[in-house]
Student: 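Below is a structure I'd like to ask you about.
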Amino acid sequence: MEYNFRDIERKWQKQWKDSQAYKVKNDFSKPKYYVLDMFPYPSGAGLHVGHPLGYIASDIFSRYKRLKGFNVLHPMGFDSFGLPAEQYALDTGQHPAETTKKNIATFKSQLDNIGFCYDWDREVQTSDPKYYKWTQWIFLQLFNSFYNRKTQKAESITQLIKLFEEYGSGAAGIAPSAFSFTPEEWKTFDEKTQQDILMNYRLAFCGYGEVNWCEALGTVLANDEVVNGVSERGGHPVVKKKLRQWYLRITEYADRLLEGLDRIEFSEAMKEMQTNWIGKSSGAEIDFAVKGFLNTKLRVYTTRPDTIFGADFMVIAPELELVNEIKSEEQTTAVDEYLAYVKSRSERERMAEKKISGVFTGAYAINPFSGREIPIWISEYVLAGYGTGAIMAVPCGDERDHKFARHFNIPITNIIGSYYNGEEANPTKEAILQNSGFLDGMVMKDAMEVAIQALEDNGIGVRKVNYKMRDAAFSRQRYWGEPFPITWKDGIAKEWKGELPLILPTVEKYGPGPDGQGPLANIPEWVAQELETNTMPGYAGSSWYFLRYMDPHNDSAFCDRKVSDYWNQVDLYIGGTEHAVGHLLYSRMWTKVLYDLGHIGYDEPYKKLVNQGMIQGSSRFVYRMILTAIAISDNNKPIPQIFISKNLIEDFHYGGQILKEGIIFNQLEKILSSKGIKINVDVKVDYYHPNALHVDVNIVDGFELDIEAFKKSKPDYANAEFVLEDGKYICGSEIEKMSKSKYNTVNPDDLVLKYGADTFRMYEMFLGPVEMSKPWDTKGIEGVHRFLKKFWRLFFDEIKGKMWTEDEPTAEELKVLHKTIKKIEEDTERFSFNTAVSGFMIATNELTDLKCHKRSVLEPILILLTPYAPHIATELWSLLGHSDSILDAAYPRFEAKYVAETSKEYPVSINGKLRTTMNISLDAAQPEVEQLVLQNDVVQKWLEGKPPKKIIFVKGKMVNVVI
RNA sequence: GCCCGGGUGGCGGAAUUGGUAGACGCAGCAGACUCAAAAUCUGCCGUUCGCAAGAAUGUGCUGGUUCGAUUCCAGUCCCGGGCACCA
């Protein structure tokens, strides 16, 4: 009986479905384990081999935990709202709901092919009204809450009103704002005023923000859709435009988001990225008077108030209102020109720009301590959203300021003496201050406090903690997203009074509404109800989906509290680093809000996070010659497309001269002359290089092109001709992102069909560590497939049939078994799936060599294999005569006694270089080992009769003789 | 530009805590079985020198710490991810 994977996999996938083998019950009596994948966005391109990497890892771990006796929740769903579906709708006129439905069906069938243990009854789709009902509900929780700084948590907005009624704007816990009022005044305010004030505290609030506006497309663009100031699609100009936007007040949670990192198992890199994103810093805000302006102050934020005497110029963000106010007459033209330039620049470009640019405003700030006049500049490297949007530049201490000063010939004040070499800024805190007025003679880090104190005492500055993180923009001028359950009347935002969900209406026109509004503004009935026309962004639904899986059909709550208490935090979350800051921070914040409001019992969603690396595509190229300049057709026949094999490209011409002796030329002449075409060898080609075109990697074997398949791939290529090397067409290659447009995607379906799901699963794991990015290469899959066939042969021989016996195992066989149990268990626990796969290979090779076919050895290994290759394991388990399911078998226990060793082949080094090995008892101590080693021939040869300086012996590891 | 990763044979990778670099697999080479092929099995396989024994060299690059460095430290180059409206 041979390993017929197709039948086996089909049979068991059906059996699992029919028997509901992966149904997960909310059975509170069992210990739980929650494994979560970052759910996919169901793109039209379908699943490629990069997607399942994390899913296979999580599936293996889920099945492993199940074997260990846990009630395992391992759900899957779809992040089905998003921009690409809307763009596709715009392009094709199909409704996003339709295309999304189709895409999800494709994804699901592809996922099922791989044999995942999902309980599809728990599937969630963020675009499903039954789901987004609760996204809207949570949004309203945010809308109706504020952050109480005293209690350090979210509380109801009615509580805030109570505080205002009782204590006014000065109530404890209220963040300072521009409003200041007494309880009596609050009561006299009209509704609009009250609501405007409350809007400054709501966790979901409305404000104004700048977006990339493209007039020609009538739409807002993402930063990566803007290239060099124009839209990627169409190349239309893009400018900054202020629009009313919703925001989440995530900044109030900055400290708790930082603190929470100490309680969760994320990689240090991930924690660092989040910490840097939050960007907590402490320093001071300082108000500088502006020369000639009585009531205008320039407020800067600095982390180094100790360097205030070294501030040689100020830089303010070009978009600050202040610029127009203070610019001098002579500088007006220059400033306005610069503002126009900055308006066309994306934030990304501004930050990445190496070239120094800026303009002097003509105005001067006054150093409050020395009275020195400091010129005020504008430059794109200062962004309005950071701090106050203005910095005091200290060139001797900050490299960017230093370069700026050098570039514009601004004199540099040295306040750090010999710490500054005149060439490079030095950001030290250890220097003793000079030229610094009352701070002279102090060490910088001590001067910090003194400076802040002086600022506060004189009322010109305050101590300030700042965050780089900004409040999260939470609205999109788009159609395919959750509608806000909000109505606008007389400029007041109110909770929509209907029953949730507020259904996304069907539209005829997906195009943007008037004045930069979203497509919903085109619907008269929607506008008539005064409903919000923005929709929520992609991360709304994904910020809380882990909770919905626990209780997916609950119609009266987003998740029953008893259920969320049971499943609790996600024990293991697997996903890509590209979500390091966005999604992970947002969902951490949402969890904290839900916790604060008492809806769930924990404030961190994910206990442990494992990052999967990205699988890159290995693209293949063909090289097409351009013959129009040199080919002469004597009878006006069309010139065929000619493709040159990769290593011949350079062989065609040299210095513009066609090489008549070249390999290409001979072949080319043959091909062309048969078609009545001649090459004009006298034409000089100044520049000649063939076009490199992406070719579908699926019709390339390694680097060799399948020419027939290529000809069939496009009507254009049907009559193509090829210049070959050694009879083959060799393609070029490059590692790129896996994407449909690069023709480098590989569909898992094809591999499953050819090798089976078990082979595919194990091969994806065998490629390398899950966390690491690596290029996909289908070639090696054969090896894993051969391994499974070899494993099968331990049980069945093609000719002899059944091979297993009931014999007692030998010590050697037991050693293999227990070594394998240890290896697989340890590797699985530490997510080292690639080495686990090789562990299975080693075990199979060793048992084959030992001719071991004993049930008592094979059965435990079969259980170990189940999480990795569930189909073959289940089939063999059943063939071994079991009627119960191997999915719930007892995980084998490792027993050290079977693998104990008494001696070791010690490596013996001379001066750290390995020279020989010696078998020495593991009990042997230093003196005994030294004696043995000195007697060794090889060691004696190296010693040349001299005594060794030292002998280093690490028990169980190695011996090193130092001479 | 800033933040975070990564760099080891022809290729994917292993070396878990500073202790035998290259496990396992792919590709390649030689052989067995076969009319032949497929499948399977056996052996070789970092580089250089050598018949061999062996020696030298080798984990992006330059230094350092150590009896000993792929592993730790400093610097540097290259590649990937993120930088707030792609998901």
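A, B, ... follow the sequence lines: proteins, then strands. Residue 1 opens every chain. Atom set for the values below is all heavy atoms of this structure, side chains included, hydrogens, waters and symmetry mates excluded.
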Student: Say you pick atom C1' in B/G7 and the same atom in B/G60; how far apart are they, in whole Å?
Tutor: 6 Å
Student: Tell which nucleotide pairs with B/G50, taking only Watson-Crick or G-U wobble pairs whose two distances are both under 3.5 angstrom.
Tutor: none
Student: Tell whether A/E225 reaches the base of B/C85 with its side chain through a donor-acceptor pair below 3.5 angstrom.
Tutor: no
Student: For the side chain of A/P769, starting at C-beta, report the closest nucleotide among B/U16, B/A14, B/C4.
Tutor: B/A14
Student: What's the closest nucleotide to the A/Q616 side chain, out of B/C83, B/G80, B/U16?
Tutor: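 For A/Q616, the side-chain atoms sit closest to B/G80.
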Student: Counting the atoms with a prime plus P, OP1 and OP2 as sugar-phosphate, which does A/P537 contact under 4.0 Å by heavy atoms, base, sugar-phosphate, or nothing?
Tutor: nothing
Student: Checking contacts here: which listed nucleotide (B/A15, B/A87, B/C24) is nearest the side-chain heavy atoms of A/D79?
Tutor: B/A87
Student: Could you check A/N911 against A/E268 and say which one's nearest nucleotide on RNA chain B is further toward the 5' end?
Tutor: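 So the residue in question is A/E268.
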Student: Could you give the distance separating B/C33 and B/U70 at their P atoms, to the nearest angstrom?
Tutor: 45 Å
Student: Donor-acceptor pairs under 3.5 angstrom involving side-chain atoms of residues 831-841 of chain A: please list them, not counting sequence neighbours.
Tutor:
unit_1	atom_1	unit_2	atom_2	d
A/S832	OG	A/T835	OG1	2.5
A/T835	OG1	A/D827	OD2	2.9
A/T835	OG1	A/S832	O	3.0
A/S838	OG	A/T835	O	3.1

Student: Roughly how far apart, to the nearest Å, are B/C72 and B/C51 at atom C1'?
Tutor: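 Nearest-Å result for B/C72 against B/C51 at atom C1': 44 Å.
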Student: Regarding A/R793, tell me which of base, sugar-phosphate or nothing describes its non-hydrogen contacts under 4.0 Å with the strands shown.
Tutor: sugar-phosphate
Student: Nearest to the side chain of A/R786, heavy atoms from C-beta on, is which of B/U40, B/A14, B/G25?
Tutor: B/U40
Student: Provide, to the nearest angstrom, the distance between the CD1 atom belonging to A/I615 and the P atom belonging to B/G81.
Tutor: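 Atom-to-atom, A/I615 to B/G81, this comes out as 14 Å.
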Student: A/N276 side chain: which of B/C41, B/C4, B/A84 is closest?
Tutor: B/C4
Student: Does A/D37 reach the side chain of A/Q612, with side-chain heavy atoms less than 4.5 Å apart?
Tutor: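 A side-chain contact under 4.5 Å is absent here.
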Student: Which base sits across from B/A39 as a Watson-Crick or G-U pair, both distances under 3.5 Å?
Tutor: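 None - no nucleotide pairs with B/A39, as no candidate has both distances under 3.5 Å.
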Student: Please classify the nucleic acid contact of A/S909 as base, sugar-phosphate, or nothing, using heavy-atom distances under 4.0 Å.
Tutor: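 Answer is nothing: A/S909 stays at 4.0 Å or more from every strand.
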Student: A/V962 has a side chain; which of B/C3, B/C67, B/A55 sits nearest to it?
Tutor: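 Ranking B/C3, B/C67, B/A55 by closest atom to the A/V962 side chain puts B/C67 first.
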Student: Which is true for A/N212 with a 4.0 Å heavy-atom rule: it touches a base, it touches only sugar-phosphate, or it touches nothing?
Tutor: nothing
Student: Counting any heavy atom closer than 4.0 Å, what does A/A580 reach on the DNA or RNA strands: base, sugar-phosphate only, or nothing?
Tutor: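 If one applies the 4.0 Å heavy-atom cut-off, A/A580 turns out to touch nothing in the nucleic acid.
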Student: What is the distance, to the nearest angstrom, from the CD1 atom on A/I842 to the P atom on B/A15?
Tutor: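 Answer to the nearest Å: 11 Å.
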Student: What's the gap between B/A15 and B/C24 when it is taken at their P atoms, as a whole Å value?
Tutor: 13 Å
Student: Using Watson-Crick or G-U wobble geometry with both distances under 3.5 Å, which nucleotide pairs with B/U65?
Tutor: none
Student: If you measure only the distance, is there a donor-acceptor pair under 3.5 Å linking the side chains of A/T828 and A/Y868?
Tutor: yes
Student: Anti or syn, where syn is a glycosidic angle within 90° of 0; which label fits B/G9?
Tutor: syn
Student: Check the phosphate of B/C83 against A/K468, side-chain N and O only, distance under 4.0 Å to OP1 or OP2. Yes or no?
Tutor: no
Student: A/Q245 side chain: which of B/A55, B/C86, B/C85 is closest?
Tutor: B/C85
Student: Within the 4.0 Å heavy-atom criterion, would you say A/K949 contacts the bases, only the backbone, or no part of the nucleic acid?
Tutor: nothing
Student: Checking contacts here: which listed nucleotide (B/A84, B/C67, B/C26) is nearest the side-chain heavy atoms of A/R470?
Tutor: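 Of the options given, the side chain of A/R470 lies nearest B/A84.
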Student: Give A/M469 one of three labels, base, sugar-phosphate or nothing, depending on what nucleic acid heavy atoms sit under 4.0 Å from its own.
Tutor: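 The residue A/M469 makes base contact.
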Student: Between the side chains of A/N103 and A/Y41, does any donor sit under 3.5 Å from an acceptor?
Tutor: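 No - no donor-acceptor pair under 3.5 Å links their side chains.
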Student: Under 4.0 angstrom, heavy atoms only, what part of the nucleic acid is A/I781 near: base, sugar-phosphate, or nothing?
Tutor: nothing
Student: What nucleotide, of B/A55, B/C85, B/A21, holds the atom closest to the side chain of A/L914?
Tutor: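 Nearest listed nucleotide: B/A21.
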Student: A/S542 near the nucleic acid: base, sugar-phosphate alone, or nothing, with a heavy-atom cut-off under 4.0 Å?
Tutor: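 Since no nucleic acid heavy atom lies under 4.0 Å of A/S542, the category is nothing.
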Student: On the nucleotide B/A14, are OP1 or OP2 found under 4.0 Å from the side-chain N or O atoms that A/N834 carries?
Tutor: yes
Student: Expressed in angstrom and rounded to an integer, what is the separation of A/W277 atom CH2 from B/C3 atom C1'?
Tutor: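 So the two atoms are 10 Å apart, to the nearest Å.
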Student: To the nearest Å, how far apart are A/E846 CD and B/G25 P?
Tutor: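 In whole Å, B/G25 P and A/E846 CD are 11 Å from each other.
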Student: Would you classify A/V961 as touching base, sugar-phosphate or nothing, given that sugar-phosphate means primed atoms plus P, OP1 and OP2, and contacts are heavy atoms under 4.0 Å?
Tutor: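 A/V961: no heavy atom of the nucleic acid under 4.0 Å.
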Student: In whole angstrom, give me the gap between the C1' atoms of B/A32 and B/U47.
Tutor: 31 Å
Student: Could you verify whether a donor N or O on one side chain and an acceptor N or O on the other, from A/N960 and A/S909, lie under 3.5 Å apart?
Tutor: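 On atom types as modelled, these side chains do not qualify, holding no pair under 3.5 Å.
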Student: May I ask you to check whether A/T917 and A/E905 show a side-chain donor-acceptor distance below 3.5 Å?
Tutor: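 A/E905 and A/T917 do have a side-chain donor-acceptor pair below 3.5 Å.
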Student: Taking the C1' atom of each, how far is B/A53 from B/U40, in whole Å?
Tutor: 36 Å
Student: Is A/N845 near enough to B/G25 that one of its side-chain N or O atoms lies under 4.0 angstrom from OP1 or OP2?
Tutor: yes
Student: Using a 4.0 Å heavy-atom cut-off across all strands, classify A/E272 as base, sugar-phosphate, or nothing.
Tutor: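 Here A/E272 touches the backbone only, sparing every base.
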Student: Which base sits across from B/U59 as a Watson-Crick or G-U pair, both distances under 3.5 Å?
Tutor: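 No nucleotide pairs with B/U59.
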Student: Looking only at side-chain N and O atoms, does A/T251 offer a donor or acceptor that is under 3.5 Å from a partner on A/D471?
Tutor: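 The criterion, which ignores hydrogens and geometry beyond distance, is satisfied for A/T251 and A/D471.
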Student: With both distances under 3.5 angstrom, what nucleotide forms a Watson-Crick or G-U wobble pair with B/C45?
Tutor: none
Student: The side chain of A/L83 lies closest to which of these nucleotides: B/G80, B/U20, B/C86?
Tutor: B/C86
Student: Could you tell me the separation between the CG atom of A/L584 and the C1' atom of B/A87, rounded to a whole number of Å?
Tutor: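 Answer to the nearest Å: 13 Å.
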Student: For nucleotides B/A52 and B/G58, find the distance between their C1' atoms and express it as a whole number of Å.
Tutor: 23 Å
Student: Check the distance between B/A56's P and A/R915's CZ and give it to me in whole angstrom.
Tutor: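 Distance check: A/R915 CZ to B/A56 P gives 5 Å.
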Student: May I have the distance from A/F787 (atom CZ) to B/A39 (atom P), rounded to whole angstrom?
Tutor: 19 Å
Student: Find out whether A/L584 and A/M270 are in side-chain contact, i.e. whether some heavy atom of one side chain is under 4.5 Å from a heavy atom of the other.
Tutor: yes
Student: Nearest nucleotide by nearest heavy atom, which residue falls closer to the 5' end of RNA chain B, A/M273 or A/E826?
Tutor: A/M273
Student: How far does the P atom of B/U65 sit from the matching atom of B/G1, given to the nearest Å?
Tutor: 32 Å
Student: Between C1' on B/U16 and CG on A/D827, what's the gap in Å once rounded to a whole number?
Tutor: 9 Å
Student: Ignoring hydrogens and angles, state whether a donor on the side chain of A/E210 or A/Q245 is under 3.5 Å from an acceptor on the partner side chain.
Tutor: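 Checked: A/E210/A/Q245 side chains show no N/O donor-acceptor pair below 3.5 Å.
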Student: Please work out if A/G82 contacts a base, only the sugar-phosphate, or nothing of the nucleic acid, heavy-atom cut-off 4.0 Å.
Tutor: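 Answer is sugar-phosphate: A/G82 comes under 4.0 Å of backbone atoms only.
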Student: Does any nucleotide pair with B/C83 by Watson-Crick or G-U wobble geometry, both distances under 3.5 Å, and what is it?
Tutor: B/G1
Student: Has A/K241 got more than 12 heavy atoms of other residues, nucleotides or ligands less than 6.0 Å from its NZ?
Tutor: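 Yes, the 6.0 Å shell around NZ holds more than 12 heavy atoms from other groups.
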Student: Identify whether any heavy atom of A/W246 sits under 4.0 Å from a base atom; if not, whether one sits that close to sugar-phosphate; answer base, sugar-phosphate or nothing.
Tutor: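 It contacts nothing in the nucleic acid.
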